[in-house]
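Notes to accompany the following structure.
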Amino acid sequence: MADHEKRVKQQLNELKEETNTRIEEHKREVEQQTIHHEEATEKRITAHEKETEKRITAHEKETERRLADDKKESEQRQAQHKEETKNRIQNFQDESDSRRESFQKEIDQIRTLAGDQAKQLATKGLEEELTNLNGTKGIDDDDGDLLTSSLENVPNFEGPLVYRGIVGEDSACTEDLKLVTSALSVIADTPSQTDFNSEKTIYCIMPAHVLFTDEQRDKGAEADKSRWGKEVGATIRTIREKVSQQLKGCMHWVQLETTNDTKIDLRQSAMFCYRHWSYQPDEEIPCPEGKCTMQYGQTCHHMFMNDVAILPLRYQDDVELSKLFPKPVSIADPGTQLFKITHVAHLKSLHIQERPVKVQGFDGTLILQNHEDRQGIRYGANITFSLDARKPQEHFIGALVYLKVGNTFQPFGMVTGTLMETSQVIFQAIVLSEALKDLKSDFDLVGLKPYAFS
Ligand SMILES: [Zn+2]
Ligand SMILES: [Zn+2]
């Protein structure tokens, strides 16, 4: 037993020892593994850190590069934009220069043309005068006198003034008012529906708006702006009816400012045309009122501004008439004839040339005004000019505007007012040749002839 016990004990010891060794070994192993693992982890962390750092650096570099690129690009863009802008400005300057040049060329052409015409007229006039002189007194050497004397053909006579006054106690008029100048008269066949007992009727001319109330004036000016055709006709018809009623409540007469002894009454019936705006619906129908047929490029009298009224004179005899209108001059006569304008562009070219004008002996200059056209609505063509005058503006309403043509002045417009909101006073006038055409066709006037006075 003792042997057996000994052996077991020994075996046990051996087992213990072995186990201890194994435990030791395992411990060491674990320790080693731990160390190894720690080392590995550390390594990994370091590697990761390095990697991250690398990445950050790379990203920073990338960002820097991108920023640099962006900067370069934007600099390039700026440079390009600068260049483009420069080019654009240059182009614009070139364009406006060439426009100015072509405009100047146009003006020069017109000037040359006008100059040639003037020379022709002057030469022709001079030749005629010389022929006349040859036939009577022989040749006069003083050519200058002939030229200046023909420049003095503008009548000094300003024409009688139109007054409005009270008829009775219930009169629509409350006081005697001086309305306007009437520097022109027209003679026409007496309309058949009137009770006038002469074949011909003499009318005095004045701007139509002086017969209107403020409301009628505004409405009349707006009329053509609202709608084309019927509407326009309806508005002007309404105003015509109302004004006819008003005229019956007032009295109108003409007299000279200087004398009180001669007055000539005006009949209480007026014919008038009034137009500020016109509407051109499309290229196919060029006439704003759809009434005129015309060739391509032509214009009609409906494209011109109008503000004209004629009132028949109620006179007893020629003596009475001659006191007010001393020397009627048919403006169909050469030298005093009405200067006809039948195209809007013709009127514009006269303004571009800044042609000289005379009104009641005062010197003036045509000045081009740009009336804006919008959506087919346009301001009626009219005369605009400055005047070197020392009289109140109102004094010129109704006065004749004379245009310098060659070496003479010819009547071509009637002053209707002044433009608003301009730094210098700009007078406005209607083109008489077109205004009278309008009147003639609207009222079927036959044998109409205008007369200026001297
Ligand atoms: Zn008309
Ligand atoms: Zn027309």
Side-chain angles (χ1 to χ4, degrees), residues 184-189 191 203 205-209 220-225 227-237 239-240 270-310 331-332 337-351 366 369 371 373 376-384 398 400-401 403 410-417 428-452:
L184 191 71
S185 78
V186 292
I187 295 181
D189 291 359
Y203 301 85
I205 296 189
M206 64 188 90
H209 75 257
E222 290 289 309
D224 305 87
K225 221 166 119 187
R227 262 175 60 194
W228 172 67
K230 284 176 196 162
E231 178 75 20
V232 176
T235 312
I236 194 76
R237 257 200 310 282
I239 296 175
R240 275 176 183 156
M271 296 181 221
F272 62 83
C273 287
Y274 192 68
R275 178 187 311 104
H276 273 213
W277 295 89
S278 64
Y279 179 54
Q280 192 183 339
D282 59 65
E283 295 276 305
E284 298 297 305
I285 312 160
C287 170
E289 295 194 9
K291 288 177 184 167
C292 309
T293 46
M294 49 189 140
Q295 302 283 309
Y296 177 78
Q298 285 184 325
T299 58
C300 70
H301 59 273
H302 297 114
M303 294 177 185
F304 286 77
M305 191 182 110
N306 207 350
D307 185 356
V308 70
I310 56 170
I331 51 181
Q337 62 186 291
L338 192 67
F339 187 81
K340 285 191 184 113
I341 286 168
T342 51
H343 201 291
V344 172
H346 182 201
L347 184 64
K348 194 178 174 183
S349 84
L350 295 174
H351 283 78
L366 293 184
Q369 296 290 309
H371 299 294
D373 289 2
I377 299 168
R378 58 173 57 156
Y379 201 66
N382 63 92
I383 302 163
T384 40
L400 286 182
V401 184
L403 176 74
Q410 287 178 237
F412 90 127
M414 178 177 67
V415 181
T416 55
Q428 200 169 27
I430 53 161
V431 173
L432 275 172
S433 58
E434 293 299 89
L436 294 178
K437 208 186 281 173
D438 198 1
L439 206 62
K440 219 156 98 177
S441 70
D442 273 14
F443 294 93
D444 296 320
L445 285 166
V446 182
L448 185 124
K449 246 193 217 165
Y451 282 83

- Are any of the side-chain heavy atoms of Pro411 and Leu184 separated by less than 4.5 Å? no
- Task: Enter the distance from Lys348:NZ to Leu350:CG here, rounded to the nearest 0.5 Å.
- Result: 12.5 Å
- Query: What's the shortest heavy-atom distance between Pro288 and Cys300, and which atoms?
  - Reply: CD-SG, 3.9 Å
- Query: Is there side-chain contact between His351 and Ile383, with heavy atoms separated by less than 4.5 Å?
  - Reply: yes
- Go through the steps to decide whether Leu448 and Phe443 satisfy the test side-chain contact (heavy atoms from CB on, under 4.5 Å), and finish with yes or no. CA-CA 11 Å; Leu448 185 124; Phe443 294 93; over 6 Å; no
- Task: Would you mind reporting whether Leu439 and Val186 have side-chain heavy atoms less than 4.5 Å apart?
- Result: no
- Message: To the closest 0.5 Å, what do you measure between CG (Leu403) and CG (Leu338)?
- Response: 11.0 Å
- Task: Could you check if a side-chain atom of Val401 sits within less than 4.5 angstrom of a side-chain atom of Phe412, using non-hydrogen atoms only?
- Result: yes
- Message: side-chain contact (heavy atoms from CB on, under 4.5 Å) for Asn382 and Thr416? Distances and angles first, verdict last.
- Response: CA-CA 10 Å; Asn382 63 92; Thr416 55; over 6 Å; no
- Where is the tightest heavy-atom contact between Leu445 and Ala188, given as atom of each residue plus distance? CD2-CB, 4.4 Å
- Which heavy-atom pair separates Pro191 from Tyr203 by the least distance, and what is that distance? CD-OH, 3.5 Å
- Query: What pair of heavy atoms forms the shortest contact from Cys287 to Cys292, and how long is it?
  - Reply: SG-N, 3.5 Å
- Item | Residue pair Arg275 / His301: nearest heavy atoms and the distance that separates them | NH1-O, 3.5 Å
- Message: For the CE atom of Met303 and the CD atom of Gln298, what is their distance to the nearest 0.5 Å?
- Response: 10.0 Å
- Go through Leu347 and Glu434 one step at a time and tell me if the side-chain contact (heavy atoms from CB on, under 4.5 Å) criterion holds. CA-CA 11 Å; Leu347 184 64; Glu434 293 299 89; over 6 Å; no
- Message: Would you say that Gln428 contacts Gln369 through its side chain, given a criterion of any heavy-atom pair below 4.5 Å between the two side chains?
- Response: no
- Cation-pi geometry met for Arg240 and Phe272 (6.0 Å, 45°): yes
- Under 30°, 30 to 60°, or over 60°: which ring-plane class applies to Phe339 and His346, parallel, tilted or perpendicular? tilted
- Message: Please find the pair of heavy atoms, one from Gly398 and one from Met414, that lie closest to each other, and give the distance.
- Response: O-CG, 3.6 Å
- Task: Give the C-alpha distance, both sets of side-chain angles, the deciding distance and a yes or no for side-chain contact (heavy atoms from CB on, under 4.5 Å) between Phe304 and Val344.
- Result: CA-CA 8 Å; Phe304 286 77; Val344 172; 4.0 Å; yes
